[in-house]
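Predicted model, so just to flag it, every value in this text is computed and none were measured.
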Amino acid sequence: MSNEPAGHQYPPPLLPAPPRPAGRRRGAFATALWLLVGPVTGGLGLAAGHLVAALTTPAASPVLAVGSTVIDRTPTSLKEWAIAHFGTHDKTILVGSVLVVVLLLSTAVGPLARRRAVYGAAALVLLAGIAAACALRRPEASAGAAVPSLVAGVVAVLALMLVLRLQARHVRPSSTGEAVGGGQTRGPRSSRRTLVVLGALAALAAALGETGRLVIARRARAEDVTLPAPAEPAPAFPAGIDRTVPGITAFRTPASRFYRVDTRLDVPVVDSDGWSLRIDGDVARPFEIDYRELLAMPMIERDITLTCVSNSVGGPYVGGARWLGVRLSDLLERAGVGHSADQILSTDFAGMTISTPLALATDGRDAMVAVGMNGAPLPRAHGFPARLVIPGLYGFISATKWVTRLTLTTYAQHSAYWTDRGWATDAPIKISSRIDTPRPLASVKRGDQVLGGVAWAQQNGGVAKVEVSIDGGPWTAAHLGPSAGNDYWRQWYAPWRATPGTHTLACRVVDGAGQTQTPVRAEPFPSGASGVQTITVSVA
């Protein structure tokens, strides 16, 4: 009698052979293709939506709409961190990050469509719907703002259907290849065809995206505007010392290199023909003035340094330019300001608001509605057709770009964008100085060297003195470059006998009223950074 359990077969059957490596590779390749389906079809949709937005309203581009919503909902501390670490590239990084996140989310589209086509299509529609909702929530949005996102959704779904249809044409009964259900398989030829199709769709997406970029660039070209001669021209601009002190900041900042910090992800295209400025609120005679009427008013020309409140000690967000514009006081006098207003609430073409203390805007400083910069019309990136320029105040309370309305009101009645986010309402620019050369952590040669940089101290007599300190030693006076007025920065330099080792270099400014730059450190939020810049260099 056998001791083997009933039903036992002897000898035991051979185990099934493991799958061939080629089969596993084909399966992995097919899976990777399904993960690419969503990013490619979704990317094509985004590119199509971007092109439609470029031809209509660039800010309604799906990625820009989502990015703008992210900006509005980002905590102030995170915004400051991004500006401090990424500088003027923060917008590019934000847009890139939004695009990457969208494409990563869309990787789920292929696997969903693999189960049922409607699931993948629904995922693409959901992503397009989110972008459309973001576009419609923008302050300047009309119903048409959703069109680019809707186009993106339709194109993406059509592209997905095309891929699935081509896949279905190559399904066949077989015992080899990638199983898709019902005994049907897709072989390696089908995967290769799918890869070719996805590559073609990706190339089309790239072409559409580049076309959109070119359309936006063409629309953003400067208008051919002839500016009037100023009734009050600025004095002759002196030659700076940047040609004789290598590494020092240029005395006048070209428009192409002037810092730009704002909440816009696009460069707004506002045509002068349709632009107007309305002055209303607590005024006796509210009025509206168009671009030609504004240019016909008496113009002043002034050299003024602007600074962003996000500028850290020694930071780059400061620039000096020659501005042309109409005195703000002339416009307010024409309107007849009432007795209750304590702020000017300025609004740009898209509904962005900035509040300026009325007392500071009308205390005799050369506040203007500017139309020109460095002898040319304002660049679109810096506010064309018109912007506010008020010397001595940080830009977030004084420098509204693309301005279309000035409302005389009170802080109790209305609050502006930055005020709602906890920033100060009264923010005069703090006196400050910066070391341009040598650069922090630089390695310099022993012997005769030069420290150099810029300093600004507006309203209180301008820059009277700049002092430097080496390795914590006594403060000694630096040499000043020429002056272009109290509202403009000054260049400075100081000879230095460099000895081998590691050294700390510091600078500070003293204004015309005798006030010395404070060493007390403060972060940009809520009213501007302060402190003395100190850098470390090594001498070989």
Side-chain angles (χ1 to χ4, degrees), residues 77-93 240-251 253-254 257-261 305 307-320 430-456 463 465-481 489-509 516-525 528-540:
S77 58
L78 187 55
K79 289 180 183 177
E80 289 303 302
W81 180 89
I83 292 175
H85 286 79
F86 303 130
T88 54
H89 300 294
D90 60 333
K91 294 181 175 64
T92 303
I93 291 173
I241 61 174
D242 38 289
R243 294 185 179 181
T244 58
V245 181
I248 201 172
T249 297
F251 197 32
T253 309
R257 298 181 60 186
F258 207 93
Y259 76 91
R260 179 192 169 197
V261 178
T305 294
T307 309
C308 178
V309 72
S310 294
N311 199 45
S312 57
V313 174
Y317 304 126
V318 55
K430 298 176 181 179
I431 66 174
S432 191
S433 57
R434 185 179 73 200
I435 300 173
D436 292 331
T437 183
R439 308 297 295 177
L441 303 179
S443 179
V444 301
K445 295 180 180 179
R446 70 175 68 188
D448 293 334
Q449 295 290 340
V450 174
L451 280 67
V454 288
W456 52 97
V463 175
K465 183 192 302 183
V466 172
E467 298 174 326
V468 298
S469 173
I470 310 297
D471 295 328
W475 291 97
T476 59
H479 301 281
L480 292 179
W489 60 7
R490 293 186 75 170
Q491 300 165 311
W492 61 267
Y493 73 96
W496 169 45
R497 185 72 176 178
T499 58
T502 300
H503 299 277
T504 58
L505 315 175
C507 67
R508 69 182 186 185
V509 62
T516 301
Q517 181 178 342
T518 179
V520 178
R521 302 286 296 189
E523 295 301 317
F525 181 80
S530 69
V532 170
Q533 185 188 16
T534 300
I535 68 170
T536 301
V537 299
S538 60
V539 179

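Without hydrogens or angle criteria, Trp489 side chain to Phe251 main chain gives a donor-acceptor distance under 3.5 Å. Using a distance-only test at 3.5 Å, with no hydrogens or angles considered, a donor-acceptor pair links the side chain of Tyr259 to the main chain of Cys308.
Listed by first and then second residue, the salt bridge (charged side-chain N to carboxylate O under 4.0 Å, His left out) pairs that reach into residues 530-540 come to none, sequence neighbours excluded.
The ring-ring contact (aromatic ring centres under 6.0 Å, His included) test applied to Phe525 returns Trp423, not counting sequence neighbours. Under the rule for a ring-ring contact (aromatic ring centres under 6.0 Å, His included), the partners of Phe258 that lie at least two apart in sequence or sit in another chain are Trp323, His382. Shown here are the salt bridge (charged side-chain N to carboxylate O under 4.0 Å, His left out) partners of Asp242, two or more places apart in sequence or in another chain: there are none. Under the side chain to side chain contact (heavy atoms under 4.5 Å, CB included) criterion, Ala522 pairs with Lys430, Ser530, not counting sequence neighbours. Under the side-chain hydrogen bond (donor to acceptor under 3.5 Å, both in side chains) criterion, Thr249 pairs with Arg434, Asp436, not counting sequence neighbours. In terms of the side-chain hydrogen bond (donor to acceptor under 3.5 Å, both in side chains) criterion, residue partners of Ser310 (sequence neighbours excluded) are, by chain and number, Glu80. Every side chain to side chain contact (heavy atoms under 4.5 Å, CB included) that Arg446 has, sequence neighbours left out, goes to Pro500, Val539. Pro254 pairs by the side chain to side chain contact (heavy atoms under 4.5 Å, CB included) definition with Ser256, Arg257, not counting sequence neighbours. Annotation: salt bridge (charged side-chain N to carboxylate O under 4.0 Å, His left out) contacts of Arg497 (sequence neighbours excluded): Asp448. For Thr307, there are no side-chain hydrogen bond (donor to acceptor under 3.5 Å, both in side chains) partners, not counting sequence neighbours.
Side-chain contact between Val318 and Val454: absent, with no pair of heavy atoms (C-beta onward) separated by less than 4.5 Å. Between Ser432 and Gln533 the shortest side-chain heavy-atom distance does not fall below 4.5 Å.
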May I have the list of side-chain donor-acceptor pairs in residues 501-509 shorter than 3.5 Å, sequence neighbours left out?
unit_1: His503; atom_1: ND1; unit_2: Asp471; atom_2: OD2; d: 2.7
unit_1: His503; atom_1: NE2; unit_2: Thr499; atom_2: O; d: 2.6
unit_1: His503; atom_1: NE2; unit_2: Thr499; atom_2: OG1; d: 3.4
unit_1: Arg508; atom_1: NE; unit_2: Glu467; atom_2: OE1; d: 2.7
unit_1: Arg508; atom_1: NH2; unit_2: Glu467; atom_2: OE1; d: 2.9

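Summarising the geometry of Trp456 relative to Asn311, their closest heavy-atom pair is CZ2-ND2, 4.2 Å, with the distance given to 0.1 Å. Here the closest non-hydrogen pair linking Gly240 and Gln491 is CA-OE1, 3.3 Å. Of all heavy-atom pairs spanning Ala455 and Val466, the tightest one is CB-CG2, 3.7 Å. Here the shortest heavy-atom pairing between Gln517 and Ser433 reads OE1-OG, 2.9 Å. The shortest heavy-atom contact between Pro438 and Ile535 is O-CD1, 3.3 Å. In terms of heavy atoms, Val468 sits closest to Ala494 at CG2-CB, 3.9 Å.
Distance check, rounded to the nearest 0.5 Å: OH of Tyr493 to OG1 of Thr437 gives 14.0 Å. Atom CD1 in Ile431 sits 6.5 Å away from atom OG1 in Thr516 (nearest 0.5 Å). In this structure, Arg490 CZ and Thr305 OG1 are separated by 12.0 Å, a value rounded to the nearest 0.5 Å. Taken from CD1 in Ile248 to CD1 in Ile241, the straight-line distance is 4.0 Å, to the nearest 0.5 Å.
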